[in-house]
Amino acid sequence: MKQTLPFALSKDRSFFESLGDWMGDVLYDELPEKGFECRDEQIFMAYQIEKALKDKSGLFAEAGVGTGKTIAYLLPAISYARYTGKPALISCADETLIDQLVKKEGDIQKLQDTLGWNIDVRLAKSRDQYLCLKRLEHEQKTNDEDFIEQIEDGIPDFVYGHQSLQAVYPYGERSAFPDVSDEDWQKVNYHPIQQCAVCDIRNRCGQTIHRQNYREAGDLIICSHDFLMEHIWTKESRVREGQMPLLPDVSMIVLDEGHLLEFAAQRALTYEVQSQTLVSLIDRVATDGVRERTLRLLEKLQDTHDDFFKELLVHAYGEGERLHINKTDLVLQIGKELVKLVEQLLEEFVFESELYTIDEYDLRMVEEYLEQYVFSMQLFVQNGDAVDWVEEKDGLETLVIMPRLVTDILNEKLFTSKLPVVFSSATLSINKDFTYISDALGIDKYHSFSVSSPFDYAEVMKIYGYSVETATKSQKARELLAQSDEPTLILFKSKQDMVSFENSLTVEERLNMACEGERELSSIVRDFQAGEISTLCSYHLWEGLDLPAEALTRVIIFDLPFPPHDPLFDAKRKFSNDPFNEVDLPFMLLRLQQGIGRLIRTSADHGSIHLLLSDEEKQLSDTFTHVLPVEVIWS
């Protein structure tokens, strides 16, 4: 939807000169007159972004909590979008942060209400955030659990032809089914093996309708880092195949919580092989009429695949969610045999496609999956520069293969273009040094600035540190919760730690508590803000959670958020000169500052931070207390 600029252009003044004058009027006069605080840090950030747009450059914009970063980038972003005729892209760390940005009381709505704007903002969520009608149909035939009925009730009538085409509208987002658990949602959401291009119900698919909707955005498209990276990695291949890229051309990119982009880039380049997916796909093509040679290859492939995973799991070791793999000669031998079998089978499928004995959709699905499967297995057996591990995903043992570094690809596909890219976060540097993030992302040329928070933390925040044995941390957290029922966020460094704490609770202690994963996360956050639950446990909400005033007055940090000793971070450590100071400590410091930043969001906020530290963590206090906003009160 084409919108007019919020200011007039003239022949004797450039767009950027007019933009600068207008932003000054808004930030110094209009917003303060409507009750907004006039913040020098916010104004400085807005003009630095305006300069980055003019220079078409990259910018690390580090601004402390309470600066008003969102409004600082929205004013130039929306104006630039209307000037260029292309929407600005706002990329957030995850789907929860997207919901925080577009909620009714969020900054976008505030700008609309205050300035009288009509901001055309549309969401482009990751594909796994949408319902897949094909997978739902399968579950309807094999599953009679209550969640199926909940999802069926949320499907519009037009999907099954009960209304005219004029009634079509976006539907099927994860957030539309708040009471469905993550585990159940993963049975019916989009899965990479689905063949959308040849799906017979594609035009009724909620994901397809959403894609058509956000492509018409005039001002803003908001997506997650994961989806942006998937768009970047797949853009060229989709164009070659005659498909549209996942995202349209944009005028600029704002990376909100940009310090998390590296992990999203790595996830987008991840290849996965699951223990049961191949088995279920073989069942779909092993139908009557298929040639004997093809059936024998399918059977041999299934048996060899089963042998591979049995041997793989025997030689998987370590603690936590990601397990290392001991690549024995037998593991590699079976992997190479799988590559040969799949290549032979793909050749046979050429003949099968001419006989039309296998459903076209099923055949295309299996062919594409096997092409990805053989590519993944080749990476695994080559012992190259990739990182691989075993973990459980969607309840299935999964072999994960990921590139160790993504710097070259990011530099080529994103940072060497003339597209302005703004990194926005309260934590992008270590003591105002941006080397850690610039090296991790492969960015050589950039502008940067760092401004502190405008809050007087000593007046509104206290930080308490406790020396607690690791085995008794759960007990200490329970004691703190028993002292008062004030709104409390407990942050864990891993899902495993959160689940362990949850299992230690009594039924009574669990009553007014919600844990990430039990249902859709943004709905849990809304209930927490409304006071319907008093304690929220999470391992993801170190960033972006915005609960002002009395909605959150206590944060308990269960562990110092050091990165795990898993294959991915072990690879980073292996290729560094000083693993602790180059990998572990910078990661922990950034994440710790983010977690503490959840407490004080506005000038009306107050509360306490509680650090539960083991003896080993307490000994490291000199390495992190200098980044805390107030001194720690030890007890």
Side-chain angles (χ1 to χ4, degrees), residues 1-6 49 52-53 56 69-103 106-109 111-112 117-130 169-176 190 205-235 238-239 243-258 260-261 264-265 268 413-414 417-424 522 544:
M1 184 187 302
K2 183 71 174 177
Q3 301 279 3
T4 59
L5 281 168
I49 293 174
L53 294 178
K56 292 183 170 55
K69 292 184 289 295
T70 307
I71 288 178
Y73 68 64
L74 283 176
L75 292 177
I78 294 171
S79 301
Y80 194 61
R82 295 184 179 184
Y83 174 66
T84 60
K86 297 178 181 179
L89 182 72
I90 311 298
S91 180
C92 300
D94 57 34
E95 311 300 335
T96 304
L97 300 183
I98 292 176
D99 290 327
Q100 289 280 314
L101 189 59
V102 299
K103 63 185 180 180
D107 286 332
I108 292 177
Q109 187 62 49
L111 277 185
Q112 290 199 123
W117 280 12
N118 179 20
I119 301 175
D120 184 13
V121 54
R122 310 192 187 193
L123 305 186
K125 294 192 174 184
S126 297
R127 293 197 276 183
D128 61 4
Q129 293 293 307
Y130 295 103
Y169 54 86
Y171 76 96
E173 292 176 86
R174 171 69 177 103
S175 56
Y190 168 82
C205 170
Q207 182 182 170
T208 300
I209 297 170
H210 274 277
R211 297 280 173 265
Q212 295 167 343
N213 177 261
Y214 71 65
R215 289 181 188 283
E216 300 171 0
D219 292 329
L220 302 174
I221 296 175
I222 303 179
C223 72
S224 66
H225 293 344
D226 285 342
F227 190 62
L228 172 60
M229 290 299 99
E230 185 179 2
H231 159 72
I232 289 173
W233 301 154
T234 63
K235 181 178 180 179
R238 289 179 69 87
V239 171
Q243 301 181 58
M244 297 182 70
L246 294 175
L247 290 166
D249 289 340
V250 296
S251 56
M252 66 171 296
I253 298 175
V254 176
L255 298 164
D256 204 333
E257 305 298 356
L260 297 175
L261 184 70
K413 295 182 179 293
L414 183 59
S417 68
K418 287 296 184 179
L419 194 68
V421 179
V422 177
F423 289 78
S424 171
S522 62

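Residues that satisfy the side-chain hydrogen bond (donor to acceptor under 3.5 Å, both in side chains) test with S79, not counting sequence neighbours, are absent from this structure. The salt bridge (Lys or Arg N to Asp or Glu O under 4.0 Å) search around D256 returns none, not counting sequence neighbours. With sequence neighbours left out, Y80 forms a side-chain hydrogen bond (donor to acceptor under 3.5 Å, both in side chains) with no residue at all. Partners of A88 according to the side-chain contact (heavy atoms from CB on, under 4.5 Å) rule, which considers only residues two or more places apart in sequence or in another chain, are A77, A81, L220, S251, M252. With sequence neighbours excluded, no residue forms a salt bridge (Lys or Arg N to Asp or Glu O under 4.0 Å) with K86. Qualifying side-chain hydrogen bond (donor to acceptor under 3.5 Å, both in side chains) partners for R127, counting only residues two or more places apart in sequence or in other chains: Y190, E230. Contacts of T208 classified as side-chain hydrogen bond (donor to acceptor under 3.5 Å, both in side chains), with partners at least two apart in sequence or in another chain: none. The salt bridge (Lys or Arg N to Asp or Glu O under 4.0 Å) search around E257 returns none, not counting sequence neighbours.
Here the CG-CD1 distance, from L123 to I98, works out to 6.5 Å after rounding to the nearest 0.5 Å. Once rounded to the nearest 0.5 Å, the distance linking CG of L101 with CD of Q109 reads 11.5 Å. In this structure, the separation between CG on L89 and CD1 on I222 is 9.0 Å, given to the nearest 0.5 Å. One finds the CD1 atom of I90 at 6.0 Å from the CG atom of L74 (value rounded to the nearest 0.5 Å). To the nearest 0.5 Å, atom OH of residue Y83 and atom CG of residue L5 are 9.0 Å apart. To the nearest 0.5 angstrom, S224 atom OG is 9.5 Å from K125 atom NZ.
Shortest non-hydrogen contact noted between M229 and L414 is CE-CD2, 4.4 Å. Residues V239 and P245 come closest through the heavy atom pair CG2-CG, 4.0 Å. Listed here is the closest heavy atom pair of R122 and A217: NE-CA, 3.7 Å. Residue L246 comes nearest to R215 through the heavy atom pair O-NH2, 3.7 Å, listed as atom of the first residue, atom of the second, then distance.
By the 4.5 Å heavy-atom criterion applied to side chains, V254 and S91 are not counted as neighbours. For the pair V422/Y73, no side-chain contact is recorded, criterion being any heavy-atom separation below 4.5 Å from C-beta on.
Side chains of S175 and S522: no donor on one and acceptor on the other come within 3.5 Å.
R238 places a side-chain N or O within donor-acceptor distance of the main-chain N or O of M244, the cut-off being under 3.5 Å. In this structure, the side chain of Q129 does not engage the main chain of R174 through any donor-acceptor pair within 3.5 Å. Looking at R82, its side chain does come within 3.5 Å of a backbone N or O of T4 through a donor-acceptor pair.
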- Message: Checking L75 against L111 for the side-chain contact (heavy atoms from CB on, under 4.5 Å) test, could you report, in this order, the C-alpha distance in whole Å, the side-chain angles of both residues, the deciding distance, and whether it holds?
- Response: CA-CA 9 Å; L75 292 177; L111 277 185; 4.2 Å; yes
- Check against side-chain contact (heavy atoms from CB on, under 4.5 Å), L247 and I221: CA-CA 9 Å; L247 290 166; I221 296 175; 4.2 Å; yes
- Task: Step by step, work out the side-chain contact (heavy atoms from CB on, under 4.5 Å) result for L255 and L260.
- Result: CA-CA 9 Å; L255 298 164; L260 297 175; over 6 Å; no
- Message: Apply side-chain contact (heavy atoms from CB on, under 4.5 Å) to residues D219 and N118 and explain how you reach the verdict.
- Response: CA-CA 9 Å; D219 292 329; N118 179 20; over 6 Å; no
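Sorted by first then second residue, the ring-ring contact (aromatic ring centres under 6.0 Å, His included) pairs that include residues 212-235, not counting sequence neighbours, number zero.
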